[in-house]
Amino acid sequence: MELFQAKDHYILQSGDHALWCSRIDGTMSARPATDLLLAWNPVCLGLVEGLIGKIQLHTDLPLGLILIRQKALVGQMPGDHKVYKITKIAVIPLSEEEPVDLELELCKKHHFGIDKPEKLAPSPDESKYLMKTLSQIKSNVGAPTKKKVKENKEKERLERRLLDELYKIFMDSDSFYYSMTYDLTNTVQRQGDTEKSNLPQWKQVSGYYYAQSTQVPEVDFWVTPIIQGFVQVQELVVNYNESPEEEKSSPDTPLQELTCVDDIHPRFTVALISRRSRHRAGMRYKRRGVDTDGHVANFVETEQLIHVHNHSLSFVQSRGSVPVFWSQAGYRYNPRPRLEKGEKETIPYFAAHFDEQLNLYKKQVIINLVDQSGREKIIVDAYLKQVLLYNNPNLTYVSFDFHEHCRGMKFENVQTLTDAISDIIADMRWGWVDQAGVICHQEGIFRVNCMDCLDRTNVVQAAIARAVMEAQLKKLGVMPPEQPLPLKCYRIYQVMWANNGDTISRQYAGTAALKGDFTRTGERKLAGVMKDGVNSANRYYLNRFRDAYRQAVIDLMMGHPVTEDLYSIFSKEKEHEEKEQESQRVTQEQVSLLLQTYMQLLLPDDEKFHGGWALIDCDMSLIDATSKDVDVLLLLSNSAYYIAYYDEEADKVNQYQRLNLEGLEKIEIGPEPTLFGKPKFCCMRLHYKNEETSGYFHTLRAVTRNPEDDGKGTVNLTRTSWADTLTRSLAALVWLRERASSSTSSPLSTRG
């Protein structure tokens with residue numbers, strides 16, 4: 001559709017339809033396309049894909065029009081319904097007198113042979129500019145110039161920050177999807193249960209989409225329901241003779257002749273659709289738990305859709321914050337959860353949430369993945385107590401301590417959960433429709449949650465959905481009854497669920513999902529763990545300041561008032577940037593959490609953890625010894641020590657080694673190696689053998705810390721005591737292992 005700029009209006013035109021938006025007060029009216037002749041000097045700015053709506057980012061800022069500047073085809077749903085993802089938007093300030101440069105694609109009809117759009121010349125109204133000049137003179141009288149300049153700069157800065165967050169919400173997180181012919185807001189089962197209607201699509205949608213209803217008459221043509229969430233559509237071939245891509249690329253794999261599989265191997269289409277609720281929308285530390293309307297934070301309905309020939313099979317799950325009143329103070333790293341209301345006060349709002357859920361889904365099985373010990377226990381206890389008080393036979397509660405069962409990165413142990421609930425999965429069935437109508441209904445859904453309903457939740461939902469999909473394909477005769485899904489199909493399927501987890505995580509926490517490498521590959525690797533540490537640190541920074549701006553934009557998009565003073569955030573942010581001591585403390589907290597979170601997950605079950613340190617590699621032959629970044633994680637078990645190097649900027653592990661204690665020859669402690677000046681740190685050099693060859697070593701030093709943080713635990717040792725502790729631990733472990741195995745090798749020597 002074409003976008004025109006006139007003196008008093010912006011005009012969208014598509015075929016015989018036109019939508020006029022007043023540049024004075026923002027009112028909209030649907031008019032015939034021929035009325036363009038009545039506009040004052042309309043100029044075509046280019047082509048846009050659609051209209052999202054209007055927004056005013058702050059009371060001090062002008063009203064803006066949000067347009068879909070660019071879209072991307074995601075795939076086709078059954079029935080050749082195309083689904084699009086919004087990739088770029090344009091925001092037009094309605095009150096701007098100067099013409100805007102939106103960098104839109106030019107329409108050939110009005111810009112034939114022109115590379116850039118024509119600029120609209122201002123109206124030659126001299127009296128207008130005379131009054132403007134006079135008003136500027138009056139406004140400057142009696143007002144200090146410096147104060148006014150400062151206010152204008154703050155206003156411009158606020159506008160840039162909010163506008164930047166608005167663009168990122170739409171363009172950086174792959175969050176918003178729409179279809180002109182398919183209802184993305186309703187599941188296949190709900191669509192099958194709904195009587196055919198001649199109402200426009202936007203009047204039949206459920207309450208999950210962001211678009212708001214309008215009172216403008218004859219506007220049906222212009223309203224497109226948009227969901228925030230995730231959509232991916234893939235066609236898969238059930239071919240047990242086909243190797244996965246990584247095996248095909250191996251030089252040891254012989255080349256095979258290409259054959260057409262259309263008529264030999266069955267095909268099916270799988271679609272993954274996640275719909276984020278528009279209620280209690282917001283960022284992780286800004287929106288937790290339940291509200292007084294019974295809505296919970298981060299509530300997402302995920303539908304897995306299988307389409308074979310004329311059959312569409314749907315399985316629906318949901319995730320959502322624990323429906324009690326709780327919070328976490330987002331200005332601390334990994335803050336401790338706290339309850340905001342007591343047991344009796346929570347009862348009616350907990351009941352309101354599940355009354356609505358059971359009305360929609362009939363039955364619900366809660367799968368609670370929150371830790372049953374430690375800091376998360378307070379949430380587990382409150383949740384279970386409310387379930388018992390609610391006492392509804394249609395609500396089932398299952399508790400699965402994810403971290404306890406999956407220690408040592410054994411995320412495949414989720415199979416324990418799916419096996420335990422296999423009977424529940426079978427009884428729940430799935431939605432099934434064909435051209436004649438509904439064949440089968442899904443009886444209830446799984447409501448999965450962890451603390452954030454992101455990382456652990458996505459792993460478990462993917463496992464449940466896989467079990468259901470294999471049962472569906474066997475029922476349709478697409479898969480043999482005694483075989484699992486072909487490896488290549490399974491890999492593609494895993495990537496879809498990992499993409500789903502990453503997208504939902506970026507919407508709620510600002511970074512990709514932790515544990516995403518397992519969902520993608522089925523294996524938990526150190527690179528994924530280290531990336532989790534960086535993502536976790538990124539989440540801390542994001543909630544520190546940026547979340548305040550993003551939450552404000554989300555509230556404005558939802559039509560809610562902004563309760564936080566955004567101007568005051570400027571001073572907080574500036575203070576943070578100016579305090580080097582605060583920055584160092586935050587860095588140390590990131591290091592501490594990295595070790596505390598993953599030191600147990602890194603080690604297999606048969607190894608006992610003895611200590612962990614975040615260190616710097618100060619070998620001059622390898623890196624710049626003046627580096628301030630933590631680039632080495634050293635973990636010590638009863639049989640080996642682990643050293644992993646990672647690049648924080650590249651967000652990946654560059655090198656990883658596991659070294660048996662039997663190969664450790666000697667430990668040296670002394671000043672760090674430097675080319676110039678006096679050494680500032682005490683270092684340790686670990687000499688080890690590699691395949692019976694001596695001469696290998698690691699040179700490590702402590703991380704620069706604030707002295708007041710020293711001596712407060714395992715990871716907060718002083719610069720010399722960390723080396724002494726590690727040396728004693730290594731020597732004792734090696735001696736014990738040698739004594740237990742009656743080894744005749746030479747004893748470990750230390751030197752300082």
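Note that this is a predicted model, so its numbers are computed, not measured. In what follows, every heavy atom counts, from backbone to side chain, and hydrogens, waters and symmetry copies are set aside.
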(request) Run through F354, W326, F325 and flag the one making a ring pair (Phe, Tyr, Trp, His ring centres under 6.0 Å) with Y349. (result) F325
[X]-[Y] side chain donor-acceptor pair, cut-off 3.5 Å:
{"X": "R338", "Y": "Q328", "result": "no"}
{"X": "R447", "Y": "Q357", "result": "no"}
{"X": "D183", "Y": "Q191", "result": "no"}

(message) Any non-hydrogen side-chain atom of L360 less than 4.5 Å from a side-chain atom of E356?
(response) no
(message) Within the 4.5 Å heavy-atom criterion, are V270 and L236 side-chain neighbours or not?
(response) yes
(request) Would you confirm whether the ring centroid of F268 sits within less than 6.0 angstrom of the ring centroid of H307? (result) no
Below 30° counts as parallel, above 60° as perpendicular, anything between as tilted: where do the rings of [X] and [Y] land?
{"X": "F400", "Y": "H405", "result": "parallel"}
{"X": "F315", "Y": "F446", "result": "tilted"}
{"X": "F299", "Y": "H353", "result": "perpendicular"}

(request) Could I get the full list of side-chain hydrogen bond (donor to acceptor under 3.5 Å, both in side chains) partners for D427, not counting sequence neighbours? (result) none
(request) Sort and list the pairs that fulfil side chain to side chain donor-acceptor pair (under 3.5 Å) and have at least one residue in residues 459-483, not counting sequence neighbours. (result) R319-Q461, R466-E470, R466-Y490
